[in-house]
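Read the structure below first, then the notes.
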Amino acid sequence: MGPGPVPGRGEQLRPIPHPSPNHGERRGGALPELIVVHYTAMQSAGAALERLCDPDFEVSAHYLVGRDGQLWQLVDEARRAWHAGTGSWQGRTDVNSRSIGIELDNTGRHPFPEPQMRVLEALVSEIRARWGIPAEGVIGHSDMAPGRKVDPGPRFDWTRLERQGLARPPRAVLPGGAAEPGAFRALAAGAGYPATAGDEALLEAVRLRLRPWATGPLEAADVAALCGDLGGDRGGVA
């Protein structure tokens, strides 16, 4: 595949149609209120397109963004693509019916290239405008499915999207203002993470979004991150 067009400022995206049969009606009259960012965990965009359009695998997404900035649309935004699976966000289940899924061509082991990020930013901006999705509605697959999914992973630069107002980090308010580790589970649930997630899975999911290179047991910095004090250890690219 040759290099894809990278949009200039204010230029409307023109995705390449590549229809997938893997979609259905949004259930219960739901409309998109979330954007879920994924990585493909495959070796190429071509391999990902084949998988996302194969009826035997029953997976899809609305969009795929190549490493070179090429953009494909696989499912109409009004339809329910099969990208999120089991999980929830802010107590809302059936995330597929409530979201638009964006797959990024990435194995999970390398940074996300500049052309890809620029197209993602333009795409998120356009989708948010079309559906009135707030910045806090832009989440990672790992946010809604702790312990089951880790994408878009520690190398994804959430801070870059947040600086442009395209996303907003999960936040919770701690009663009394004291950042105690024992409050972590309640804070995470208040920020939107599934309350049913195990302790280790919940910590991993929060760190993937807010402290991607932190390791070891729960510490006060994890609680502080959920309360909005990132302590300078935020990052994404390595």
Side-chain angles (χ1 to χ4, degrees), residues 1-7 11-28 30-87 89 94-108 110 112-113 115-133 137-145 148-153 156 161 166-167:
M1 298 181 184
V6 178
E11 182 181 346
Q12 187 173 6
L13 293 171
R14 293 178 175 81
I16 297 171
H18 198 286
S20 170
N22 302 333
H23 59 85
E25 297 283 346
R26 293 186 182 272
R27 296 170 180 166
L31 295 174
E33 52 187 322
L34 299 169
I35 297 172
V36 182
V37 181
H38 308 255
Y39 63 52
T40 59
M42 302 190 76
Q43 294 301 315
S44 69
L49 280 171
E50 184 175 349
R51 176 68 56 88
L52 293 166
C53 296
D54 188 334
D56 291 338
F57 284 95
E58 298 185 342
V59 294
S60 63
H62 294 89
Y63 295 97
L64 171 66
V65 185
R67 299 175 205 186
D68 60 3
Q70 188 63 272
L71 175 64
W72 295 269
Q73 182 166 9
L74 285 67
V75 176
D76 188 278
E77 290 182 7
R79 302 286 289 174
R80 181 181 184 271
W82 305 341
H83 63 96
T86 303
W89 184 249
D94 189 8
V95 174
N96 280 334
S97 287
R98 305 173 185 275
S99 67
I100 289 174
I102 302 174
E103 290 276 1
L104 302 176
D105 173 27
N106 188 291
T107 64
H110 62 268
F112 296 80
Q116 186 177 54
M117 289 299 295
R118 285 175 57 190
V119 169
L120 174 66
E121 290 159 0
L123 181 59
V124 167
S125 180
E126 289 187 8
I127 294 170
R128 284 190 54 207
R130 276 194 288 271
W131 297 98
I133 297 173
V138 181
I139 64 172
H141 203 185
S142 57
D143 290 323
M144 54 140 296
R148 189 173 67 84
K149 295 295 181 179
V150 298
D151 53 314
F156 184 75
L161 268 64
L166 295 173

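Residue numbers start at 1 and run along the sequence shown.
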Between Trp72 and Gly66, the two heavy atoms sitting closest are CZ3-N, 3.8 Å

For the residue pair Leu31 and Arg26, what are the closest heavy atoms and their distance?
CA-CD, 4.5 Å

Please confirm whether the backbone N or O of Val65 pairs with a side-chain atom of Gln116, one donor and one acceptor, at under 3.5 Å?
yes

Verify whether one side chain among His23 and Ser20 offers a donor that lies under 3.5 Å from an acceptor in the other.
no

Using 0.5 Å steps for rounding, measure from the CD atom of Glu126 to the CD atom of Glu121.
12.5 Å

Distance (rounded to the nearest 0.5 Å) between Leu49 CG and Glu103 CD
10.5 Å

Smallest heavy-atom separation, Arg27 atom then Asp94 atom, equals CD-OD2, 3.3 Å

Within the distance-only criterion (no hydrogens, no angle test), does the side chain of Asp151 pair as donor or acceptor with the backbone N or O of Gly153 below 3.5 angstrom?
no

Side-chain heavy atoms of His18 within contact of Gln73, under 4.5 Å
no

How many angstroms lie between atom CG of Leu104 and atom CG of Leu120, to the nearest 0.5 angstrom?
5.5 Å

Asn96 (side chain) donor-acceptor with His83 (main chain) under 3.5 angstrom
yes

With side-chain hydrogen bond (donor to acceptor under 3.5 Å, both in side chains) as the rule and sequence neighbours excluded, what pairs involving residues 39-57 come up?
none

Which atom pair, heavy atoms only, marks the closest approach of Leu166 to Ser125?
CD2-CB, 3.9 Å

Distance col, row Asp143:CG vs Lys149:NZ, nearest 0.5 angstrom, shows 14.0 Å

Minimum heavy-atom distance Leu74-Ala61, with the two atoms named
CB-O, 3.3 Å

Please examine the side chains of His141 and Arg148, heavy atoms only from C-beta on, and report whether any two atoms are closer than 4.5 Å.
yes

Please report the interatomic distance CE(Met117) to CZ(Phe156), rounded to the nearest 0.5 Å.
4.5 Å

How would you list, by chain and number, every residue that makes a side-chain contact (heavy atoms from CB on, under 4.5 Å) with Ala167, sequence neighbours excluded?
Val138, Trp158, Leu161, Glu162, Arg209

Just how far is it from atom OG of Ser142 to atom NE2 of His38, taken to the nearest 0.5 Å?
10.0 Å

Check: Val59 and Leu52 side chains under 4.5 Å, non-hydrogen atoms
yes

Contact between Leu123 and Ile35 at the side-chain level, heavy atoms closer than 4.5 Å - yes or no?
no

Is any side-chain heavy atom of Val119 closer than 4.5 Å to one of Tyr63?
no

Results of side-chain contact (heavy atoms from CB on, under 4.5 Å) for Ala30 - residues two or more places apart only:
Ser97, Arg98

Minimum heavy-atom distance between Cys53 and Asn22, given as atom pair plus value
C-ND2, 4.2 Å

